[in-house]
Amino acid sequence: MIDTRLWGKSAGLEKPYPLMGHLVDTAMVAGAVWDGALTVVQHAAVAEALGVAMAEARRLVMFWAGLHDIGKILPRFQDMAAQDRPAHCAFLSEETYAHDRERDSQAEKIRHECATSRALPQLLAALGYPTAGRPARLLLTQVAQLLGGHHGRYPLGVEPQDLRDPLRRLPELGIGGWADQRREHVAALHGVLGRPEAPVARAMPVELAVVVAGVVIVSDWLASQDHVVSAQQAAADEIGGLRTPQSLLAHAKRASEAAPALVRDAGLGRASFRRHGFAGLFPEIARPHPLQVSIEAGLPGAVSGPGVLLVTAPPGEGKTEAALYAATVMGAACGSGGLFFALPTQATANQMYDRVVGFARRNLLDSAQVTLLHGSADLNERYAEPSPNDDGVEPRVLSDHDGGLRESAEVSVVASRWLRLRGRGILAPIAVGTVDQALMGVLPLKRNALRHLGLSGKTVVVDEAHAYDAYTHALLLRLLVWLGAMGVPVVLLSATLTGETAAGLVEAYLSGAGREPGSYRLPPPAYPGWLYADARSGSLTAPEEPVGSVRARRLSVDVLPVTHTYDATAPDGRLAALIRELHGVTAEGGCAAVICTTVAEAQRTYEALRDHYREHYGPAYAGWDDRSTDDAARQDAEAGPRLRLLHARFPARRRAAITAEAESWFGRIDKEGIRRPEPPRGTVLVSTQVIEQSLDLDFDLIVSDLAPMALLLQRAGRVWRHSEPGPSRPAWCREPRLAVLAPVGDDGRLSVPAAWGDVYAPSLLQRTLELMERRKSDPVRVPEDVQQLIDEVYAPEFTSTDPDALMKRDIKRLTDDMARRGLAGMVMLPPPAMVGSLHQLTTSDADEDLVATRLGAETVQLLPVFYDSEGKRWLDEACTIPFPERGSRNDGRFTRVEIRALLGHVVPLAHGPWRQACAEANDPPASWRREPRLARLVLLPHRIVAGDGLAGAVLGDYTLTLTHSLGLVISRAQKS
DNA sequence: AAGAAAAAAAAA
Ligand SMILES: [Fe+3]
Ligand SMILES: [Fe+3]
């Protein structure tokens, strides 16, 4: 007989809720999660691993999920309510619950989830679960361990003796009534589920066990919601408690009837898309691009189950639509239940969210929620505060497979409140986010079972798969191993990859799927092109015909060897060369971008050009000043060029404004609100790598500092980017042209400026420079020549004019890469097949700071603050926006709108030596500490000096000053 | 003396 005085939930309830009730509720919810959120393929995989039919697998998972809190039958746990509810807990002094509390370990206070993992093996063994063989490979120890992980971290595995008598190692579990009740509760739950028989199988593959663990956590959360517990409690009271098997069955029936709605309301579910050709999915695309046509022609015939598709193509060939199309084809072939679209940055994820929402609205067969997943998603207005319009369902017409009109349906894609809480968004049927959100699934982090569950039933698209450093790339490869093992279809989108890198991606996926390396042969990569690898057979499919391009062109690339100096009078100096290159723009008009390596250099280049033009066009020259309304009205070349600066070290709002202006000038001319500056007045944008990211800009000319080949080609993609319709080009500009300023020494050889630090590997710079010099003025044919250029830059054998220097630089680069891969190897999860114990999936000996998706110095968020003459603080130099000492809510906390506004003033800066000098003056007010996003801001106090302008924040030897046109400037005091 | 980028908060 179970004792229903043993409680499961107490806090916030009028009276305690029996543990038995919570176990039954969780089991029933798990059934609904199984039905509603897992795919048939997942059902089949679990069933196969357990050696039972699918319906039986479902019952077993329900049974296990119910058992998750069996460890709450534990003296230390039950005692926890004694203080608040002495009357209820009086039963604990009954003889049967006698327990010597004095002997409980005080050093290691046992928690209930750990008690679950320790007590369960013996209890399952009693039900006939096999116990022969290595404990680590037994199903019952695995189930115990994954249930012990229901709070997010898997406990250590059990020892062999725990199978017979867990009390020997853990007397805290309690004997007598405690042990009896654990058995009784297990038996009662077993009975409620119809006594599912013990499977004879061994432990499940790890990639399945983690999915089951995820199901348990989600079911526990859903069943523990306040309204669920109170409703079930009331229902239990109504039937007179849960003591008898009949009452338990009635309780279970009620719970299972309510459960599907819980799953639905939470926003869990599956997404299924219309199965249609490309044109059906994208009716707005009148003429699909060659890449899209090629994939539609070649892919469907090759797909029969899970696999990986690698698409390599330049931007503008329609990769995104091709990926969404491929995802529906590949997803349908393996019964996938959703989509995860991974992008390199928050900004690109925000953009893609809108596109995927549009795609989902048009092509979903049923409502399915779409989440946006990244660290600042709740600051994205369209996601965080969907307008009532977005909230409504979308009326639309569905046509069935043969194109006839079938029914009119409505789909909704707005994410539920439940899914918006941290860590849950990946459970939505459709999620768009940073790739980091997926990569965290291969890091030993708490609750990564939720990420595993979220990814396992989906189709995963990874955009810009080429764009990560050796560390993050290693994590990506490991993620592919896990996805391969899970049978998750994957689409990888990339710019040019070397054959080696492309092979690495495909091999990682296939090795996860169990294919031996060497059992298949990879063709050399094509650009543009695609390659599909089938997970089950390892067979490879590539397009039968070479893939055409919509943006084929000849690009002229000129290398200009320069001395790296800002002295305009040095004839071979960088500045003089730059001014010469920009001559056409300044004299006759047009749009040019200058891309610098560092922020400081971009700032100096901008200042030097400003000074030069001021000298040339007179002191009234105001083209550099975006605040000048007079200048904005000038269209004549005599006004001197418009000059702008864009880099990452501006306050977020200011950066957004500069970006918006740049988009309005250089954006697609057929887009609304675009006013491309017309000749004769020219326009120059000085920038850093920021404009490589996510911006669809077009320039007549790009002048770039030397950078690795892949980046130069990416930058070159911004020259004459738009066509049909494209802007008209100035007369001086006869071809798309990239001018590369290459810093050389007196000997004419590469001399990497000290100020470039480690931004680019000198090895790649030297190889790139030599390769371009060797080509002389041969134009680069895009896309045909691109693959070869990339291959050559990375070739192990490289014929250099300065082999000794190259050797040293190569060694440095290769060892750096190796170190990064090594670091990744130390922190990331092993492939699922190599996982010894679930414990290592959520626990790591590595330094916590190292368990990250990206390597490198931490970025500090700086908030410039301005003191006026009276010592009052403001957020702007003009003293119009007051510094908020506290938030506007009654308790002094900030609203989301206030936080968003405040973060608009924040400037990111890499951690550096200035950080040590931070003191109290740099700490935010005490009331900010309660806001996670504000607590770690660093204030930069500026002083407004009457008549003398602005004095920046002094931090040790450094002065940090925010100015309108330069952004945050860092200057170092001369050492005396 | 060094780019741009992500993440970190409360879940049962
Ligand atoms: Fe628990
Ligand atoms: Fe629980």
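All values reported here derive from a predicted model rather than from experimental measurement. The sequence lines fix the lettering, A, B, ..., with proteins before strands; numbering per chain opens at 1.
A/Arg715 comes within 4.0 angstrom of no nucleic acid atom, judged by non-hydrogen atoms across all strands. Residue A/Val599 is classed as a sugar-phosphate contact, given heavy-atom separations below 4.0 Å to backbone atoms only. Here A/Pro344 lies in heavy-atom contact (under 4.0 Å) with sugar-phosphate atoms only. Within the 4.0 angstrom heavy-atom criterion, no nucleotide atom of any strand lies near A/Leu934.
Between the side chains of A/Arg451 and A/Gln437, at least one donor N or O lies within less than 3.5 Å of an accepting N or O.
When the salt bridge (Lys or Arg N to Asp or Glu O under 4.0 Å) test is applied to A/Asp696, the partners found at least two apart in sequence or on another chain are A/Arg668, A/Arg721. Under the side-chain hydrogen bond (donor to acceptor under 3.5 Å, both in side chains) criterion, A/Thr961 pairs with no residue, sequence neighbours left out. Legend: residues meeting side-chain hydrogen bond (donor to acceptor under 3.5 Å, both in side chains) with A/Arg715, ordered by chain and number and at least two apart, are A/Glu692, A/Ser704, A/Tyr760. For A/His452, the ring-ring contact (aromatic ring centres under 6.0 Å, His included) partners are A/Trp482, not counting sequence neighbours.
The pair A/Asp378-A/Arg420 does not meet the salt-bridge criterion, since no charged nitrogen lies less than 4.0 angstrom from a carboxylate oxygen.
Between A/Leu909 atom CG and B/dG3 atom P there is a gap of 8 Å when expressed in whole angstrom units. The separation between A/Glu464 atom CD and B/dA6 atom C1' is 16 Å, rounded to whole Å. Atom CD in A/Gln714 sits about 14 Å away from atom P in B/dA4, given to the nearest Å. Taking atom CG of residue A/Leu343 and atom P of nucleotide B/dA6, one finds them 11 Å apart after rounding to whole Å. Nucleotide B/dA6 holds its P atom 14 Å from the CG atom of A/Asp463, rounded to whole Å. Nucleotide B/dG3 holds its C1' atom 16 Å from the OH atom of A/Tyr468, rounded to whole Å. Atom pair A/Leu855:CG and B/dA4:P shows a separation of 17 Å (rounding to whole Å applied). Taking atom CZ on A/Arg820 and atom C1' on B/dA5, their separation rounds to 12 Å, with Å as the unit.
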- Note on the structure: Heavy-atom contacts, protein to nucleotides 7-12 of chain B, under 4.0 Å, summarised as B (base), S (sugar-phosphate only) or - (none) per nt, yield BBB-BB

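For residues 11-28 of chain A, the salt bridge (Lys or Arg N to Asp or Glu O under 4.0 Å) pairs, not counting sequence neighbours, are A/Lys15-A/Asp237.
Of all nucleotides listed (B/dA4, B/dA1, B/dA6), B/dA1 comes nearest to the side chain of A/Arg972.
For B/dA4, the OP1/OP2 oxygens have a side-chain nitrogen or oxygen of A/Thr688 closer than 4.0 Å.
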